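Report on the structure given below.
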Number of protein chains: 2
Amino acid sequence: MSSDFNIENFYYNFSCNCNKVQKKTFSKGQVITTYIQKRNQLCILLKGNADLVRYDLNGNRTIVEHLSKNALFGEVFYKVTINNELLVEAKTKCTVLFYIYDQLKEPCTKKCEFHSTLSEHLPELILNKITELNTRIELLTQRTTRDKLLMYFSLISTRKLSKTFELPLSLTDLADYLSVDRSAMMRELKLLKEDKMVDKIGNRIILLYE
Amino acid sequence: MSSDFNIENFYYNFSCNCNKVQKKTFSKGQVITTYIQKRNQLCILLKGNADLVRYDLNGNRTIVEHLSKNALFGEVFYKVTINNELLVEAKTKCTVLFYIYDQLKEPCTKKCEFHSTLSEHLPELILNKITELNTRIELLTQRTTRDKLLMYFSLISTRKLSKTFELPLSLTDLADYLSVDRSAMMRELKLLKEDKMVDKIGNRIILLYE
DNA sequence: CATAATATGTAGCTTATGCAACAGAAAAAA
DNA sequence: TTTTTTCTGTTGCATAAGCTACATATTATG
């Protein structure tokens with residue numbers, strides 16, 4: 001469980017020449033992939049930041065996931081899907097590996113190390129994924145915008161081991177991520193400042209409670 | 001991916017005598033497990049229905065997950081956790097298998113078939129889990145109670161291949177599951193009926209649109 | 001069967017949130 | 001640099017949703 005496997009480390013040794021994996025680079029704003037069923041694509045973000053976004057019928061944009069280095073994504077996680085369109089947008093320059101999950105399970109004919117190491121560590125990577133999703137669910141089940149904000153801040157704070165941190169998302173994106181209206185979120189942020197719960201200097205958040 | 005592995009089928013042949021797995025039975029209302037970090041428990045619900053619930057500081061109860069036959073749950077999915085208490089409550093009589101995830105990865109010294117089959121199919125089971133979690137997230141990112149209800153109904157309808165179906169949850173539990181106030185949900189349900197979007201006879205929902 | 005406990009259905013009041021709109025700041029592009 | 005675009009910060013208004021409370025129906029349980 002507490003293995004220190006790190007995709008990044010062995011990415012630099014990347015030399016998988018089997019045809020089961022594709023490496024591609026994307027520039028900011030490009031669509032990395034759309035979720036069209038049946039391909040069972042599994043992707044790994046090696047470099048950069050991207051968002052998995054959904055546009056619903058009312059035109060609302062939701063950031064379903066915020067993806068950063070080493071994140072797993074792809075259709076393989078969305079077998080049963082709703083009719084909304086899901087797409088992954090590069091927020092910065094991105095490097096991405098593409099697999100087909102079903103092929104990944106089969107042994108690699110060329111016995112490339114990357115391939116086998118990845119297969120071996122896949123359960124672990126997937127468990128990390130589940131943990132993230134559960135955290136996301138805890139965020140979204142918060143009833144009020146205030147509680148969502150406080151929990152989000154608390155999560156980042158724990159991750160950074162500091163009561164002061166830079167927001168990894170723009171405020172506009174944060175609202176989409178928390179699934180709330182942006183102006184309502186701004187208002188609540190102001191109230192949190194007035195209540196001396198948090199402070200905010202530019203992009204920097206300072207937690208004042210406890 | 002599209003393998004037909006079914007835990008249930010081979011559960012009847014269950015005869016794992018290694019000490020790495022425990023089978024227990026619970027009666028309605030009992031607490032099956034609480035999520036206390038560091039044990040890395042992985043559980044499978046073989047029979048019955050249960051809820052993973054969270055009680056927050058305001059006394060709100062949230063059904064984090066509604067677990068039915070073959071569901072996976074346990075601490076292993078909650079490595080990073082928030083301070084709220086998570087517990088699994090039996091809604092009906094339940095039969096549950098308990099593992100320790102780290103031990104599951106190691107080969108079974110007694111070579112029992114159950115153990116090895118489970119290990120083999122774990123990635124598949126876990127992927128199913130992810131799909132469920134993503135569906136849940138789609139539900140929770142719906143902005144209004146109406147949209148949450150409609151999406152929930154649509155999901156069940158798709159699953160049952162019918163525009164008519166019994167609700168698998170009580171209305172009280174459904175509200176907790178959708179993370180909304182019960183009375184507000186009831187009001188919205190009434191409006192949906194008035195708008196001739198859905199009909200409801202007792203526990204039975206009939207979708208009227210399309 | 002009687003009684004308790006839980007679930008359903010409804011209403012009034014209050015508040016949080018969504019929506020629209022706009023001005024200024026910051027960042028990106030030309 | 002200048003221009004354009006995106007992001008931030010704020011407000012008024014309308015309404016969805018939360019809270020409380022209660023009556024009835026349904027389901028457990030002694």
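The sequence lines fix the lettering, A, B, ..., with proteins before strands; numbering per chain opens at 1. Note that the structure is a prediction, hence the values are computed from the model and not measured.
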* Among D/dA16, D/dA28, D/dG18, find the nucleotide with the atom closest to the side chain of B/K28. => D/dA28
* Rounded off to whole Å, could you give me the CG-to-C1' distance for the B/D176 and D/dC19 pair? => 15 Å
* Classify the side chain of B/R182 versus the base of D/dG18 as yes if they form a donor-acceptor pair under 3.5 Å and no if they do not. => no
* For B/R146 and for A/K190, locate the closest nucleotide of DNA chain D by heavy-atom distance; then report the residue assigned to the nucleotide nearer the 5' terminus. => A/K190
* Structure fact -> A/L192 atom CG is separated from D/dG9 atom C1', nearest whole Å, by 15 Å
* In whole angstrom, what separates A/L167's CG from D/dC7's C1'? -> 13 Å
* Structure fact -> Of D/dC19, C/dT8, C/dT17, the nucleotide closest to the side chain of B/D181 is D/dC19
* Under 3.5 Å, is there an N or O donor on one side and an acceptor on the other linking the side chain of B/S183 and the base of D/dA17? -> no
* Between C1' of C/dG18 and CG of B/D147, the distance in whole Å -> 13 Å
* Asked: Quick one: on DNA chain C, does A/R143 or B/A184 contact a more 5' nucleotide (nearest heavy atom)?
  -> B/A184
* Structure fact -> Regarding the side chain of B/T172, the nearest nucleotide among D/dT8, D/dG18, C/dA7 is C/dA7
* Asked: Quick one: A/Q142 CD to C/dA16 P, roughly how many Å, whole number?
  -> 16 Å
* Which is true for B/K200 with a 4.0 Å heavy-atom rule: it touches a base, it touches only sugar-phosphate, or it touches nothing? -> sugar-phosphate
* Examine C/dT17: is either OP1 or OP2 under 4.0 Å from a nitrogen or oxygen in the side chain of A/T145? Give yes or no. => yes
* Is it true that B/D173 and B/R61 make a salt bridge, defined as a side-chain N closer than 4.0 Å to a carboxylate O? -> yes
* Which nucleotide in the list C/dT17, C/dG9, C/dA7 gets nearest to the side chain of B/M186? -> C/dG9
* To do: Give me the one residue out of A/F73, A/F77, A/Y78 that meets ring-ring contact (aromatic ring centres under 6.0 Å, His included) with A/Y35.
  => A/Y78
* Asked: Between B/F98 and B/F26, how do the two ring planes meet: parallel, tilted or perpendicular, split at 30° and 60°?
  -> perpendicular
* Asked: With a distance cut-off below 6.0 Å to the six-membered ring centre and an angular limit of 45° from the axis, does B/K163 pair with B/Y209 as a cation-pi contact?
  -> yes
* Asked: Of the options B/I63, B/D176, B/V64, which is the one that meets B/R54 in a side chain to side chain contact (heavy atoms under 4.5 Å, CB included)?
  -> B/V64
* To do: Find the distance B/R187:CZ to D/dA21:C1' and express it as a whole number of Å.
  => 13 Å
* To do: Rounded off to whole Å, could you give me the CD-to-C1' distance for the A/E188 and D/dG9 pair?
  => 15 Å
* Asked: Roughly how many Å is it from CG in B/L189 to C1' in D/dA17, rounded to a whole number?
  -> 15 Å
